[in-house]
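Right, one structure below, let's go through it.
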Protein chains: 2
Amino acid sequence: MARAALSREAVVDLAVRIVDEDGPAALTLSAVAARAGVATPSLYKHVRNLADLRELLSARVLGEMADHVGAAVLGRSGDEALRALMDAWRSYVTRHPGRYATVIQAPVAATVEPGKRLVDIGLAALRAYGLTGSEAIHAVRCLRAAAHGFSVLETAGGFGLPEKLDDTYELMFHMIVSGLRAPR
Amino acid sequence: MARAALSREAVVDLAVRIVDEDGPAALTLSAVAARAGVATPSLYKHVRNLADLRELLSARVLGEMADHVGAAVLGRSGDEALRALMDAWRSYVTRHPGRYATVIQAPVAATVEPGKRLVDIGLAALRAYGLTGSEAIHAVRCLRAAAHGFSVLETAGGFGLPEKLDDTYELMFHMIVSGLRAPR
DNA sequence: GCTAGAAAGCTAATGCTATTAGCCGCAGGC
DNA sequence: GCCTGCGGCTAATAGCATTAGCTTTCTAGC
């Protein structure tokens with residue numbers, strides 16, 4: 001191999017920093033090249049094109065989220081596990097809004113693997129609720145929808161009303177738990 | 001006035017058609033100009049720049065959504081009103097995924113007015129639940145988070161699992177109603 | 001130690017995009 | 001009938017992604 005100054009992984013690292021610092025709109029190959037101290041076309045030796053980089057970045061971020069959320073749920077069960085899952089999701093998005101925004105507008109292709117992991121983590125968190133098969137899948141989807149919807153609300157500024165988002169979060173969590181407990 | 005072939009409104013009309021047909025990424029001033037049968041710089045007579053057009057488009061779409069959702073809720077109350085609100089939100093997004101995707105990645109500035117209207121509609125839909133002041137705001141936020149989260153799930157393909165999204169939707173609605181009824 | 005080849009960089013060039021500057025013609029008010 | 005401004009135009013600039021083809025440099029095999 002020639003000078004291994006750059007690599008596929010290193011390029012994604014730089015992309016992460018860019019979306020962290022300047023938001024997803026700032027993710028251009030020029031910006032990455034500038035940070036790498038390299039001419040723009042050189043990046044094509046590591047990445048197919050900009051769309052490819054975006055996919056790799058999404059996969060990376062979703063993988064990180066799965067790690068973070070998975071670690072939080074580990075060793076807990078019942079309401080506590082559910083709480084840990086939602087809290088972890090929220091805290092990841094709060095800490096890395098730029099990364100999360102990238103994933104949202106991502107193509108689905110590269111994110112299926114970490115996506116499945118997140119589904120499994122959700123299923124594990126819900127184990128104590130005694131949901132079977134499809135019912136569990138629907139519940140996990142609701143968790144995902146709630147977590148995502150709330151995250152967008154929080155990072156977008158939530159209509160700018162003075163009410164505390166923490167309280168909204170509590171209500172949402174209450175809705176989820178009530179819905180899981182109450183018979184249909 | 002000279003030939004009023006084009007106008008601010010007409011430009012936004014064309015933008016709507018573009019995101020409908022080719023998605024939000026296809027919204028460029030070139031594309032709009034091509035549809036208008038006009039040179040690209042001519043658009044600057046009607047619109048400040050691309051960002052401005054995106055803002056106008058977001059405002060338009062969110063206004064449409066408020067109309068659609070508002071009409072659905074009108075004359076209903078209780079669970080029925082809530083149901084109508086969520087159904088209308090979902091159906092709008094399903095019918096116009098491109099428009100909705102545009103709003104998501106919008107700046108907040110131009111969307112505050114229709115956003116407030118949507119909040120008011122939500123408050124009206126929840127009137128029968130006897131929520132006071134801040135509690136009602138939190139509930140509306142939860143509705144918005146749920147509707148948005150589910151919409152993204154639905155338009156993005158929802159992990160590709162075989163379970164019917166209609167059933168997920170029912171569970172989510174059940175969660176909301178349970179949470180609103182059950183005491184905290 | 002030498003050399004062949006590939007990996008990883010480079011420059012040049014193309015084409016698309018937004019955006020600005022400045023020009024021209026027509027319509028309506030005086 | 002003239003003047004003004006609106007709404008179009010062309011030309012030009014600059015940033016971006018992407019491709020082609022060249023060069024350098026390291027490494028592996030001998």
Side-chain angles (χ1 to χ4, degrees), chain A residues 1-60 98 101-107 109-110, chain B residues 1-60 98 101-107 109-110:
Chain A
M1 267 200 270
R3 287 149 302 169
L6 224 49
S7 73
R8 199 174 180 78
E9 289 306 304
V11 170
V12 178
D13 286 346
L14 292 172
V16 169
R17 280 194 233 160
I18 288 170
V19 297
D20 273 352
E21 294 169 24
D22 306 322
L27 181 61
T28 68
L29 289 179
S30 301
V32 174
R35 293 214 180 200
V38 135
T40 308
S42 303
L43 296 177
Y44 288 82
K45 293 291 156 96
H46 305 282
V47 154
R48 237 179 330 125
N49 51 33
L50 179 60
D52 184 39
L53 174 58
R54 287 216 186 95
E55 248 185 76
L56 292 172
L57 179 57
S58 297
R60 161 85 67 94
T102 304
V103 174
I104 295 175
Q105 55 202 45
Chain B
M1 267 205 269
R3 287 149 301 168
L6 222 49
S7 72
R8 197 174 181 77
E9 289 306 303
V11 170
V12 179
D13 286 347
L14 291 172
V16 169
R17 280 195 233 159
I18 289 171
V19 297
D20 273 352
E21 294 170 23
D22 306 322
L27 181 61
T28 68
L29 289 179
S30 302
V32 174
R35 294 214 180 199
V38 135
T40 308
S42 304
L43 296 177
Y44 287 82
K45 293 290 157 92
H46 305 282
V47 155
R48 237 179 330 124
N49 51 33
L50 179 60
D52 184 40
L53 175 57
R54 288 216 187 95
E55 249 184 76
L56 292 172
L57 179 58
S58 297
R60 161 84 67 95
T102 304
V103 174
I104 295 175
Q105 55 203 44

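Numbers restart at 1 for each chain; the letters A, B, ... are given by sequence-line order, proteins then strands.
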- Task: Start with the C-alpha distance between A:Leu43 and A:Leu6, add both sets of side-chain angles, then the distance that settles side-chain contact (heavy atoms from CB on, under 4.5 Å), and finish with yes or no.
- Result: CA-CA 9 Å; A:Leu43 296 177; A:Leu6 224 49; 3.9 Å; yes
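Here the rule is side-chain contact (heavy atoms from CB on, under 4.5 Å) with B:Val11, and of B:Val47, B:Val16, B:Leu29 only B:Val47 fits it.
For B:Ser30 and C:dA18, the shortest distance from a side-chain N or O to OP1 or OP2 is below 4.0 Å. Side-chain nitrogen and oxygen atoms of A:Thr40 include none within less than 4.0 Å of the OP1 or OP2 phosphate oxygen of D:dC16. Checking the phosphate oxygens (OP1, OP2) of C:dA8, no side-chain nitrogen or oxygen of A:Ser42 falls inside 4.0 Å. In this model, the phosphate group of D:dG8 is approached by a side-chain N or O of B:His46 to a distance below 4.0 Å at OP1 or OP2.
At most 12 non-hydrogen atoms from other residues, nucleotides or ligands lie less than 6.0 angstrom from CZ of A:Arg17.
Computed from coordinates, the A:Asn49 CG to D:dA20 C1' distance equals 17 Å when rounded to whole Å. Put simply, OH on B:Tyr44 is 15 Å from P on D:dG8, counting in whole angstrom units. Rounding to whole angstrom units, CG of residue B:Leu43 and P of D:dT10 are separated by 13 Å. Distance A:Lys45 NZ to D:dT23 C1': 10 Å, rounded to the nearest Å. To the nearest angstrom, C1' of C:dC16 lies 15 Å from CG of A:Leu29. D:dG7 atom P lies 14 Å from atom CD of B:Glu9, rounded to whole Å. Between the CG atom of A:Leu6 and the C1' atom of C:dA8 there is a distance of 9 Å, rounded to whole Å. Computed from coordinates, the B:Arg48 CZ to C:dT19 P distance equals 10 Å when rounded to whole Å.
At least one side-chain heavy atom of A:Asp52 sits under 4.5 Å from a side-chain heavy atom of A:Arg8.
When each of D:dT19, D:dC16, C:dT19 is scored by its nearest atom to the side-chain atoms of A:Thr28, the top-ranked nucleotide is D:dC16.
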